[in-house]
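One structure is given below, encoded as structure tokens.
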Amino acid sequence: MNKIKNITTALFFIKSLLSFSQQDNNALNALITDRPDATESPSTIPAGYVQVETGTFYESFKDDAIKNESYTLNTTLVRLGLLDNLELRVGWDFVESKIKGLDHVMSGFNPLLLGAKIAISEEKGGMPEIGFLSHLYLPFTAGNDYKPETTGVDFRFAFAHTLNEKSSLSYNLGAQWGDDSPEAAYIYSLSYGYSITDKLGAYAELYGDLPENNKANHLWNTGFTYLLSNNFQLDATVGSSITKGQDILLSGGISFRLPTKKN
């Protein structure tokens, strides 16, 4: 009975989200999300709206005979439109990691992400749309298994080009500091998006980081997005690493946008 009750509750929740998200369906363009790919959009969400982007993912990597598995049960990012060109960003996720065949399990929240995104300029002629975003990762909000001693920081510039009516190219350049290391890691991403239909989209992406004193990490992923309405989107992703590291990444999620107050 509990399983049936949980399924019924989940279906009711999704139905309610769809109902709310369709209220302003004709007033706004289709939402632009910062998931499922690693590339962040230069666009901010409209002032007076909140956008929630959440999902789960599984990844594994094998080091010699040892296989490590990680389950992220929610990758929630909440984006609040403060001005037409400024949004506040808060993110938090819960992770469980284990070594297959052993009893060693780590679980808990990662540091809470707190940041902002600024839309700098719109696309014009050959010039791309440009945005800037930065985050802090607060160690005191993390579980014991994932608590760093120092605050993490990242920033990136986000760019987007419209190639034609159906395709676009987006890319990010920036840097990050984390894992209790003063070493900077320069980050990049490049994503090609294609609209198969008005509702169904596909993308392919390369991304990675280049630490100052360690080997570079390069990865890829590809996936689909599906718009149930202008304010509600589903997504699915598969990926892996090009350099030694991640063997497989599987992800799925939902994103929805709601007004912060009734008109």
Side-chain angles (χ1 to χ4, degrees), residues 34-40 53-77 90-115 135-154 156 172 174-191 203-224 235-254:
D34 284 343
R35 61 163 301 125
D37 56 3
T39 302
E40 308 279 17
E53 304 175 12
T54 187
T56 61
F57 70 81
Y58 163 84
E59 60 180 334
S60 70
F61 64 93
K62 193 171 183 179
D63 187 5
D64 295 327
I66 300 175
K67 184 176 182 179
N68 297 269
E69 295 181 315
S70 177
Y71 301 84
T72 303
L73 304 182
N74 69 298
T75 57
T76 301
L77 174 67
V90 180
W92 214 8
D93 52 52
F94 185 90
V95 182
E96 181 174 289
S97 302
K98 64 181 181 180
I99 299 175
K100 196 168 184 179
L102 300 179
D103 293 331
H104 181 69
V105 176
M106 297 194 309
S107 64
F109 284 98
N110 274 322
L112 183 141
L113 169 157
L114 180 63
H135 306 104
L136 297 175
Y137 298 84
L138 308 178
F140 61 86
T141 62
N144 289 332
D145 287 340
Y146 297 98
K147 183 178 291 185
E149 294 183 1
T150 58
T151 301
V153 181
D154 71 21
R156 67 182 70 195
N172 293 172
Q176 60 188 12
W177 292 260
D179 299 323
D180 293 329
S181 172
E183 175 186 12
Y186 302 100
I187 53 179
Y188 76 92
S189 66
L190 176 66
S191 181
Y203 80 92
E205 177 184 51
L206 294 173
Y207 65 103
D209 61 76
L210 297 88
E212 288 179 315
N213 299 315
N214 286 285
K215 292 182 179 179
N217 302 294
H218 304 291
L219 305 95
W220 67 270
N221 63 47
T222 186
F224 296 92
D235 63 66
T237 297
V238 61
S240 183
S241 61
I242 299 170
T243 51
K244 184 178 180 180
Q246 187 185 83
D247 296 320
I248 187 69
L249 166 70
L250 300 173
S251 174
I254 62 173

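Inspection of the S189 and T39 side chains reveals an N or O donor paired with an N or O acceptor under 3.5 Å. In the model, Y207 has no side-chain atom that pairs as donor or acceptor with a side-chain atom of S191 under 3.5 Å.
Residues F61 and G245 come closest through the heavy atom pair CB-O, 2.9 Å. Nearest approach of Y146 to G108, heavy atoms of both residues: CE1-N, 3.7 Å. Contact between D180 and E149 at its shortest, heavy atoms only, is OD1-N, 2.7 Å. Scanning all heavy atoms of the two residues, the minimum distance from T56 to T75 falls at N-OG1, 4.5 Å. The shortest non-hydrogen separation linking A142 to P148 is CB-CD, 4.5 Å.
Distance OG1/T141 to NZ/K147: 8.5 Å, rounded to 0.5 Å.
Atom CZ of F224 sits in a sparse spot, with 12 or fewer heavy atoms from other residues, nucleotides or ligands closer than 6.0 Å.
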Practice task
Could you go through the side-chain hydrogen bond (donor to acceptor under 3.5 Å, both in side chains) check for N110 and Y137 one step at a time?
Solution key: CA-CA 9 Å; N110 274 322; Y137 298 84; over 6 Å; no

Problem - Audit row: Y203, T237, side-chain hydrogen bond (donor to acceptor under 3.5 Å, both in side chains) steps and yes/no - result: CA-CA 9 Å; Y203 80 92; T237 297; 3.1 Å; yes

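Every residue was checked against the ring-ring contact (aromatic ring centres under 6.0 Å, His included) condition with Y186, not counting sequence neighbours, and none meets it. Not counting sequence neighbours, F57 has no partner by the ring-ring contact (aromatic ring centres under 6.0 Å, His included) test.
In this structure, the side chain of T54 does not engage the main chain of N74 through any donor-acceptor pair within 3.5 Å.
Considering only heavy atoms from C-beta on, N172 stays 4.5 Å or farther from I187 through its side chain.
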